Amino acid sequence: MRFTRRSMLGATALSVTGVALVGCSQDNGQGGGSGGSDGGGEAIAADANDINPKDRSELGEGGSLRLANNAFPANWNTFHTDGNEANTTEISEALSPSLIQYSASGEVTANPAYAKRVELTSEDPQVMEIELNPDLKWSDGTPVDFTSIENVFSVMSGEKKDYAIASSEGYSKVDKVEQGDSELIAKITFKEKYADWISLASVMPDSLAESAKSFNEGWIKEPKVTCGPYKVSKIDSANKTVLLEPDDNWTGDKALLDQVLFTTIEDPAATATSFQNGQLDSINTTVPAMYSVVKPMIGNGATLRKAAGPNWSHITLNGAKGRPLEDQKVRQAVFKAIDREEVFLSVNATMPYPKDTKSLGNHILMTNQDGYKDNSGDLGTQDVDGAKKLLEDAGYTMDGEKAMKDGKQLEITYVYNDGSKTNEAVVPVVQEALKAVGINMKVQKVPPTDLFSKYVIPGDFDLTLFGWVGNPFLSSGDSIWKSKGEQNFGKVGDTDTDKLIDEAAVETDETKRLDLINEIDANLWQLAGTIPLWQSYDFYVENDDLANYGAWGFQSPNWTTIGYVKDSDKLKG
């Protein structure tokens, strides 16, 4: 679930949890890890972040902010399963409405730039009301009003089967959406209580919702409709750059920067070199290939900013019918074969993580969140003999160093995005670990932009490492864990866990809900569909003068406040 949300739907895949939808978004495996030896100090609190906070009065107007990402968007529709990815949602946050905002402590409130209020007006039945600000318009001239809200719930409910939505979680619990006392007010009535009701507040332009073709294909090349402090100036798909400029039609606080340039650089080392050469203003140094290059610059015009947000790295196993890992015992054997400590140290031994950081022992809660428990049990610790025993229980026979069945060695394919330094470090560790229990692991490198759209989402893999970008909502990852969830790319789940997930989603007592969350997590360990590895910290190295941008933690960005301090050389051109 970089995940964003900072994430959007389901979990934004680190690139888990732009437009505030439900869940997380995905990030394609450039993320860092924990347990590094170059850090020291205490673990970072969940409500702490580092973005160089400044009031607008302390900032100047002008300047350019040059940023990098690791994959060019495959679809600009962040409601779509291909668009619910961290690189895409990070850009979209400057372009598109988010009716809610997150603080560093995880508090969720209405975003005053878009909404006067997002509140519960009734507990039984549960009713949410959203009141939008007046005079907001989409870039195509249509108003941002009740219909924009209704579009979201109509499309995301899951009832329109041709729409390739990222997740229907939460939306499917809504009974009806009605206009309130004006065209700016929506009244949403739930079939049953939903604990994370506020996470569903969002808007969608009419032109995106009007047909499945428009929703699925209309925004593949560009976002056609926006409503934010910035607008698209130019998208150069050949050179993989996106240039934003202030939108003069924006009715909120004016954007401070003259332009924001996003450049896709798939090689992390090249990203670091670009920063070193003065071609970028901020980078998230997620791996040693980046951090080692820019570390000497810290304190010499650049600052390291750190946060421990709701983002985490993992290995997803594909347990779909007909795949080599369909058998639960075989998946559990893979869990036992892998030394998680060795995996994350292979990536992060020189990264500035707190010393003695433990492997992540939970699929839903981060180590610095209330209620966190390590539920990994014996599946979280390497046990070669135990892995072999599980394979034997699954019908395999050890023939020398090979796990054999029906005359064939157990063989699986690890798919990852070309250029990912994280995966390049992890692959040999996992490959050797699986070899030790008789499993042959093939490796397939694919273009970063294709990883999710052509491999992970369609299920053309056996193992893959990426991350989930999370947010403050405990139900945001439900579509990852439910047996038929839209983001359950490994197709691993069962009805008992589905029932617990549904129960937790409607439980409003926090203590009881956390107990259910940990019960769900214990089940997820036994189902053996996802191996949690580490909580992925933010390590931003950026220009000293850049304000209100950096290591977000749980906080969502506010693009009307991002800029450079007064008298900064960055304002001069």
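Computed from a prediction, not measured in an experiment: that's the story for all the values here.
With respect to Lys421 and Glu424, a salt bridge is recorded, a charged nitrogen being found less than 4.0 Å from a carboxylate O. With salt bridges taken as basic N to acidic carboxylate O contacts below 4.0 Å, none links Lys454 and Asp460.
At least one side-chain heavy atom of Asp538 sits less than 4.5 Å from a side-chain heavy atom of Asn284. Using a 4.5 Å cut-off on side-chain heavy atoms (C-beta onward), Trp76 and Val232 make no contact. Side-chain atoms of Leu546 and Leu65, non-hydrogen and from C-beta on, do get closer than 4.5 Å to each other. Between Tyr291 and Leu304, some side-chain heavy-atom pair lies under the 4.5 Å cut-off. Side-chain contact between Lys240 and Glu266 is present, with heavy atoms from C-beta onward closer than 4.5 Å.
Side-chain contact check for Gln555 and Asn49: at least one donor-acceptor pair (N or O, by modelled atom type) lies under 3.5 Å. When only modelled atom types and interatomic distance are considered, Glu93 and Ser98 share no side-chain donor-acceptor pair under 3.5 Å. No donor-acceptor contact under 3.5 angstrom links the side chains of Asn52 and Glu542, judged on distance only. Between the side chains of Thr78 and Thr89, not a single donor N or O lies within less than 3.5 Å of an accepting N or O. Using modelled atom types, one finds a donor on one side chain and an acceptor on the other under 3.5 Å when comparing Gln259 with Ser64. Side-chain contact of Tyr540 with Asp50: a donor-acceptor pair under 3.5 Å is absent, judged by distance alone.
Here the shortest heavy-atom pairing between Gly419 and Pro268 reads O-CD, 3.1 Å. Ala547 approaches Leu59 most closely through the heavy-atom pair CB-CD2, 3.6 Å. Contact detail for Phe72 and Thr241: the closest heavy-atom pair is CE1-N, 3.9 Å. The nearest pair of heavy atoms linking Asn548 to Thr561 is ND2-O, 2.7 Å. A pairwise comparison of heavy atoms in Ala302 and Val541 identifies CB-CG1, 3.9 Å as the closest pair. Considering all non-hydrogen atoms of both residues, Asn70 and Pro448 come closest at O-CB, 3.6 Å.
Classified by interplanar angle (parallel below 30°, tilted 30° to 60°, perpendicular above 60°), the ring pair Trp525/His363 is perpendicular. Ring orientation note: the planes of Tyr102 and Phe473 are nearly perpendicular, at an angle over 60° on the 30°/60° scale. Between Trp312 and His314, the ring planes lie tilted relative to each other; the angle falls in the 30° to 60° range. Between Phe539 and Tyr537, the two ring planes are tilted [angle within 30° to 60°]. Note on ring orientation: taking the six-membered ring where Trp is involved, the planes of Phe215 and His80 are tilted (angle from 30° to 60°).
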- Given Asn362 and Gln369, is the side-chain hydrogen bond (donor to acceptor under 3.5 Å, both in side chains) satisfied, shown in steps? CA-CA 11 Å; Asn362 200 296; Gln369 284 184 279; over 6 Å; no

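Among the candidates Thr263, Thr264, Thr88, the single residue satisfying the side-chain hydrogen bond (donor to acceptor under 3.5 Å, both in side chains) test with Asn69 is Thr264.
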